[in-house]
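Since this is a predicted model, take the numbers as computed values, not measurements. Within every chain, numbering begins at 1; the chains are lettered A, B, ... in the order of the sequence lines, protein sequences first and strands thereafter.
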Amino acid sequence: MNSRERILAAIGQNKPEYQPLPEVATFQSDYPDLVAKFSEILRFIGGTPVLVADYEEAEKYIRQTYSDLPRIVSKVPALQQLATTEWDVIDPHQLETVDLAIIQGVFGVAENSAIWVPEERGGHRVLPFICQHLVMILNASDIVPNMHDAYERLNVGESGFGVFIAGPSKTADIEQSLVIGAHGARSLSVVLLQNS
Amino acid sequence: MMNHSEAAEKFTEDVDRTTWHDKTLWFVREKRDKAVFQIPEWEALREAASRIKHNALSNLDEYLLEFEQNAVKNGVKVHWAADGHEHNEIVLQILKETGATQMVKSKSMLTEECHLNEFLLEKGVDVVDTDLGERVVQLANEPPSHIVMPCIHWKKEEIGELFHEHLGTEKGASDPKYLAEAARQHLREKFMTRRAALTGVNFAVAETGGFVVCTNEGNADMGAHLADVHIASMGIEKIIPKARHLGVFLRLLARSATGQPVTTYSSHFHRPRKGQTMHIIIVDNGRTTQLGRPDFRNSLKCIRCGACMNTCPVYRRSGGHSYHNAVAGPIGSILAPNLDMRKNADLPFASTLCGSCSNVCPVKIDIHDQLYKWRQVLTAEGYVDSAKKQGMKLMASVLSNPKLYRFSGKAGRTMMRFAPFSVSNPLNPWYKQREMPEPPKESFREWYVNREKK
């Protein structure tokens with residue numbers, strides 16, 4: 001018997017009597033204003049929510065805020081004009097020098113301000129992590145209350161890789177002091193489009 | 001090897017440090033409370049999680065097969081390891097096939113349990129831990145002292161000194177921001193150059209064959225998405241049946257661990273990226289044995305949040321290393337005896353049985369009941385030292401005999417009054433770090449009987 005068979009046989013012998021799944025495993029969250037809740041949580045975890053009307057305003061905000069960053073990639077078709085360099089490199093290591101990445105999220109979650117980003121939205125899986133700063137574009141109408149709603153909406157195996165991103169990368173490993181900017185993006189702005 | 005109480009005694013010699021350690025962890029516990037109080041359905045959520053895990057354990061073989069089948073369909077190579085050694089051999093074999101002699105690793109308590117780093121080092125493979133806290137303890141040649149905050153026992157000045165020595169940071173620097181930045185630069189170079197990456201697994205979904213890795217730093221993703229080979233190591237108990245169950249567990253995990261609403265990154269891996277190979281190693285290492293112990297199998301529900309450690313009055317004041325096991329604290333103390341009863345017989349006694357661990361556990365493991373039950377098992381199996389055993393026997397005979405009990409109480413009070421040195425001396429362990437109380441003039445019983453007469 002190989003290890004696989006041995007492990008499976010041991011489980012078969014030792015597992016407890018069958019227990020059904022719980023009938024109740026999803027819960028509702030009643031936030032009166034999803035955008036407000038999402039923004040409140042995002043601020044709490046070190047991100048910056050920016051409410052704009054449309055792509056035009058989004059572009060203006062990004063130009064103003066990140067004027068000092070030379071290498072910008074944009075994976076958002078409507079904001080292609082902001083790009084100064086290509087995201088479509090052959091080897092993802094070439095993205096090492098990207099200062100700012102602009103990526104469109106699919107939807108956000110109000111209770112924890114996480115945004116779902118499947119690999120298709122980043123082009124390369126590593127892009128939202130390797131860039132120094134990250135801007136995510138999100139339709140304000142695409143915010144669900146909680147994680148149960150999120151998985152309800154999601155077909156999680158559809159993409160080879162997908163990630164919920166909530167805030168900038170961070171660590172508190174040194175004496176529980178919060179430091180923003182660990183190995184992933186040093187900052188995160190979420191630009192919420194109201195008219196879309 | 002020192003047992004828990006010896007190691008704890010050494011730890012508490014430094015009173016200020018003990019207090020600091022205690023407060024730091026209590027601070028995390030308080031953050032957890034704040035996060036939890038914002039979720040009105042918290043208790044129902046814990047109940048649901050516990051029952052999902054119960055279902056998973058009761059159907060574990062079927063779910064593992066379903067997981068394997070779906071993972072293989074997704075283009076992932078699945079391996080099975082009966083123990084730590086086989087796991088390590090599989091990792092080495094994959095590295096050999098890849099031609100990699102260097103690897104980056106993100107946090108995986110399983111690889112700590114298997115002593116992977118030591119094994120690979122011996123075989124000439126260079127492993128770099130990329131979680132900041134894990135990098136600190138790795139540079140210091142220590143195991144992590146906490147499953148979520150590996151270097152929680154280190155002060156920033158000491159980390160500054162360590163980084164000065166190994167990373168060339170300024171001498172005397174202790175600003176966490178500066179030190180974290182130095183680690184970012186140092187590890188970025190590793191991410192850019194390593195062809196193999198190993199990550200742990202927080203949840204493996206039977207329904208889809210995918211797995212989820214949760215980090216705040218982004219190190220697992222930096223490693224996995226840049227490497228040619230991604231190895232993910234998981235214990236058999238990481239299985240959850242359905243993708244929608246992730247909603248339950250991701251709501252519980254970070255809130256319980258650090259008080260965050262969710263970790264910064266919850267990464268869902270299903271298929272290797274183009275040109276990459278992805279491996280999953282499913283490890284038993286004693287878990288199937290634990291599954292066969294009805295009193296202790298619930299410990300396999302653990303999602304490794306660390307909440308039981310942060311709340312434990314013994315852990316907070318004895319430090320993670322006093323548990324001499326990859327997983328410390330209350331949960332470690334119910335997992336470790338399963339791996340080696342003789343070596344870990346002291347751990348279930350490293351508890352006051354106050355029950356705080358069970359109260360904060362997001363999957364409702366009856367941790368303190370299991371600690372109590374392990375004591376019975378270990379004593380019956382002869383793993384408890386004879387002094388403790390004899391003491392317990394003596395105490396049992398006194399407590400079961402009212403006359404003897406009354407006499408002993410009276411004798412004790414008289415002794416303390418007329419010969420205080422008989423208890424206030426270093427031979428009495430209760431005298432360590434504390435003053436003995438004034439002996440009461442009468443017992444409760446005497447007071448109760450006399451009260452009528454007055």
Shorter than 4.5 Å, heavy atoms on both sides: which option in [options] has the most such pairs with chain A?
options: B:V213, B:N59, B:I236, B:T289; value: B:N59
options: B:A82, B:G75, B:C151, B:G218; value: B:A82
options: B:M222, B:K31, B:R244, B:E47; value: B:M222
options: B:S50, B:G210, B:P272; value: B:P272

**Study point:** A:K15 bridged to B:D61 by N-O distance under 4.0 Å
**Key:** yes
Does [X] use its side chain to pair, donor to acceptor, with the backbone of [Y] at less than 3.5 Å?
X: B:E217; Y: A:T171; answer: no
X: B:R271; Y: A:G157; answer: yes
X: B:R51; Y: A:P22; answer: no
X: B:D284; Y: A:I7; answer: no
X: B:S58; Y: A:Q19; answer: yes

Check your understanding: Heavy atoms under 4.5 Å from chain B: which residues of residues 103-123 of chain A carry them?
Key -> A:E111, A:N112, A:A114, A:W116
Practice item. Using heavy atoms and a sub-4.5 Å threshold, report which of residues 25-64 of chain A line up against chain B, by residue number. Key: A:A25, A:F27, A:Q28, A:S29, A:I41, A:F44, A:I45
Sub-4.5 Å side-chain heavy-atom contact between [X] and [Y]:
X: B:P241; Y: A:L21; answer: yes
X: B:L226; Y: A:P92; answer: yes
X: B:T264; Y: A:K170; answer: yes
X: B:Y265; Y: A:S169; answer: yes
X: B:V78; Y: A:R4; answer: no
X: B:R184; Y: A:R186; answer: yes

What part of [X] is in contact with chain A, defined as an atom under 4.5 angstrom from a non-hydrogen atom: side chain, backbone, both or neither?
X: B:V148; value: backbone
X: B:E158; value: neither
X: B:E68; value: side chain

Exercise for review: Any chance you could lay out the side chain to side chain contact (heavy atoms under 4.5 Å, CB included) test for A:E175 and B:W154, step after step, and finish with the verdict?
Suggested key: CA-CA 7 Å; A:E175 283 199 17; B:W154 277 70; over 6 Å; no
Residue [X] versus chain B: region with a heavy atom under 4.5 Å:
X: A:P20; value: backbone
X: A:V24; value: backbone
X: A:V179; value: side chain

Review point. Is atom CD of B:Q185 surrounded by more than 12 heavy atoms (other residues, nucleotides or ligands) closer than 6.0 Å?
Key: yes
Review point. For A:Q194, does the CD atom sit with more than 12 other heavy atoms under 6.0 Å from it, leaving out its own atoms?
Key: yes
Review point. Any luck finding a side-chain donor-acceptor pair between A:S177 and B:K156 under 3.5 Å?
Key: no
Practice item. With side chain to side chain contact (heavy atoms under 4.5 Å, CB included) as the test, would you mind laying out the steps for A:R125 and B:D221 before giving the verdict? Key: CA-CA 8 Å; A:R125 291 182 183 184; B:D221 290 278; over 6 Å; no
Point to revise | Intermediate values then yes/no, side chain to side chain contact (heavy atoms under 4.5 Å, CB included), A:S3 and B:E86 | key: CA-CA 9 Å; A:S3 291; B:E86 190 175 3; 2.5 Å; yes
For [X] and [Y], work out which heavy atoms get closest and say how close.
X: A:H148; Y: B:L45; answer: NE2-CD1, 3.8 Å
X: B:S267; Y: A:V163; answer: OG-CG2, 3.5 Å
X: A:F129; Y: B:R188; answer: O-NH2, 3.9 Å
X: A:N14; Y: B:R297; answer: O-NH2, 3.3 Å

Interatomic spacing from [atom1] in [X] to [atom2] in [Y] - rounded to 0.5 Å:
X: B:L179; Y: A:D173; atom1: CG; atom2: CG; result: 12.0 Å
X: B:R273; Y: A:H124; atom1: CZ; atom2: NE2; result: 9.0 Å
X: B:L291; Y: A:Q13; atom1: CG; atom2: CD; result: 11.0 Å
X: B:E189; Y: A:E96; atom1: CD; atom2: CD; result: 9.5 Å
X: A:I11; Y: B:Y63; atom1: CD1; atom2: OH; result: 13.0 Å
X: B:Q260; Y: A:L178; atom1: CD; atom2: CG; result: 8.0 Å

Check your understanding: Would you call the rings of B:F191 and A:H183 parallel, tilted or perpendicular, where under 30° means parallel and over 60° means perpendicular?
Key -> perpendicular
Practice item. Classify the angle between the aromatic ring planes of A:F161 and B:F269 as parallel (below 30°), tilted (30 to 60°) or perpendicular (above 60°). Key: tilted
Exercise for review: Walk me through it: do A:R6 and B:W80 pass the test side chain to side chain contact (heavy atoms under 4.5 Å, CB included)?
Suggested key: CA-CA 10 Å; A:R6 252 200 312 266; B:W80 300 70; over 6 Å; no
**Study point:** A:Y151 and B:H245 aromatic centres sub-6.0 Å
**Key:** no
